[in-house]
Amino acid sequence: MPATTDARPSFVNESAQRRINYRLGRLARRYQLGPQDRQDLRQDLWLALLRASRRFDPARCPIERFVGMVLNRHCKHHVRQFAQARTNRPQQVAWDHRMEAVLLDPQAEADLRHVDLRHDVQALLAQLPRPQRRLCKALMHRPPYQAARHLGISASTLYRQIRRLRPRFAEAGLDGILRD
């Protein structure tokens, strides 16, 4: 009888480890966590990721995005707990994983979103052919008409290439990144 293998992707990978370490470092610096608290928080983040892996559906989103969403949600929970402990006030909104509550530290949420977006864009750029990657990098730093001039192509060619790239960005869940 052949051994059955689980076709689900592994959530324990280098990308997940980097994301956990980044979030752990930010929370540890911001809230002056000791070594034992850091270790507890690391284990808590891994546990949250492994529990959520049962809900992962590769047809709905890429694994990197799913990992980012799970870690964001769990880090928000810890930010709320740290903020509540700091102020010694009862938490006004009971945390429920099925709803989005108001984040007590909006800067932390913005930072996490920015990091996840950067990871997603880097992963997509790594998959693109060199000319398309060069086009995207030019568009990151310049408006379209200057990017076209920099690349030595006409503006209409640039816009045609942008239209060809949009479906790839949409597949990666990065709708609205490429605009005319």
Side-chain angles (χ1 to χ4, degrees), residues 3-85 93-130 132-133 136-137 140 165-178:
T4 59
T5 59
D6 190 5
R8 299 177 69 77
S10 173
F11 283 84
V12 182
N13 59 29
E14 187 177 323
S15 174
Q17 182 67 42
R18 278 195 315 270
R19 287 180 177 210
I20 286 175
N21 287 338
Y22 176 81
R23 285 169 176 77
L24 181 64
R26 293 213 26 117
L27 289 172
R29 281 189 301 276
R30 186 171 185 107
Y31 297 106
Q32 294 90 29
L33 300 178
Q36 183 60 40
D37 291 332
R38 287 181 188 202
Q39 186 62 26
D40 290 345
L41 185 56
R42 176 178 279 115
Q43 290 175 357
D44 197 30
L45 292 174
W46 274 112
L47 184 61
L49 185 59
L50 293 173
R51 281 183 180 155
S53 68
R54 292 177 285 176
R55 296 188 313 265
F56 176 65
D57 180 10
R60 293 182 64 198
C61 72
I63 188 170
E64 293 85 12
R65 173 150 295 207
F66 183 79
V67 168
M69 289 187 303
V70 170
L71 294 178
N72 282 348
R73 179 177 290 155
H74 209 69
C75 284
K76 287 178 189 180
H77 172 70
H78 284 289
V79 165
R80 285 186 187 93
Q81 285 182 335
F82 293 141
Q84 179 186 358
V93 178
W95 177 254
D96 183 357
H97 288 287
R98 293 168 291 167
M99 65 179 239
E100 288 297 320
V102 176
L103 183 67
L104 297 177
D105 188 357
Q107 183 61 39
E109 181 179 17
D111 290 346
L112 292 174
R113 264 198 310 250
H114 178 73
V115 168
D116 282 337
L117 179 62
R118 187 177 68 215
H119 280 290
D120 292 342
V121 169
Q122 286 174 346
L124 177 63
L125 288 178
Q127 296 172 358
L128 293 176
R130 187 168 180 251
Q132 291 179 341
R133 192 175 326 130
C136 291
K137 288 183 179 181
M140 283 183 206
L165 278 172
R166 278 195 184 118
R168 302 227 20 208
F169 276 80
E171 282 177 14
L174 299 169
D175 299 344
I177 296 260
L178 286 178

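Atom set for the values below is all heavy atoms of this structure, side chains included, hydrogens, waters and symmetry mates excluded. Small disclaimer: the values here were computed from a predicted structure and weren't measured.
- Scored by the side chain to side chain donor-acceptor pair (under 3.5 Å) test, Asp44 finds His74, His78 as partners (sequence neighbours excluded).
- Nearest heavy-atom pair across Ala16 and Trp46 is CB-CH2, 4.0 Å.
- The heavy-atom pair separating Arg55 from Phe66 by the smallest distance is C-CZ, 4.3 Å.
- A 4.5 Å side-chain heavy-atom check between Arg65 and Arg60 finds every atom pair outside the cut-off.
- With sequence neighbours excluded, the residues satisfying side-chain contact (heavy atoms from CB on, under 4.5 Å) with Arg168 are Gln127, Leu128, Pro129, Gln132.
- The shortest non-hydrogen separation linking Glu64 to Ser15 is CG-OG, 4.4 Å.
- Contacts of Glu14 classified as side chain to side chain donor-acceptor pair (under 3.5 Å), with partners at least two apart in sequence or in another chain: Arg18.
- By the side-chain contact (heavy atoms from CB on, under 4.5 Å) test, Ala123 is found to be paired with no residue, residues two or more places apart in sequence or in another chain being considered.
- Arg73 places none of its side-chain heavy atoms less than 4.5 Å from the side chain of His77.
- Scored by the side chain to side chain donor-acceptor pair (under 3.5 Å) test, Arg38 finds no partners at all (sequence neighbours excluded).
- Counting heavy atoms from C-beta outward, Met69 and Cys61 have side chains that approach closer than 4.5 Å.
- Every residue meeting the side-chain contact (heavy atoms from CB on, under 4.5 Å) condition with Arg51, not counting sequence neighbours, appears here in chain and number order: Leu47, Arg54.
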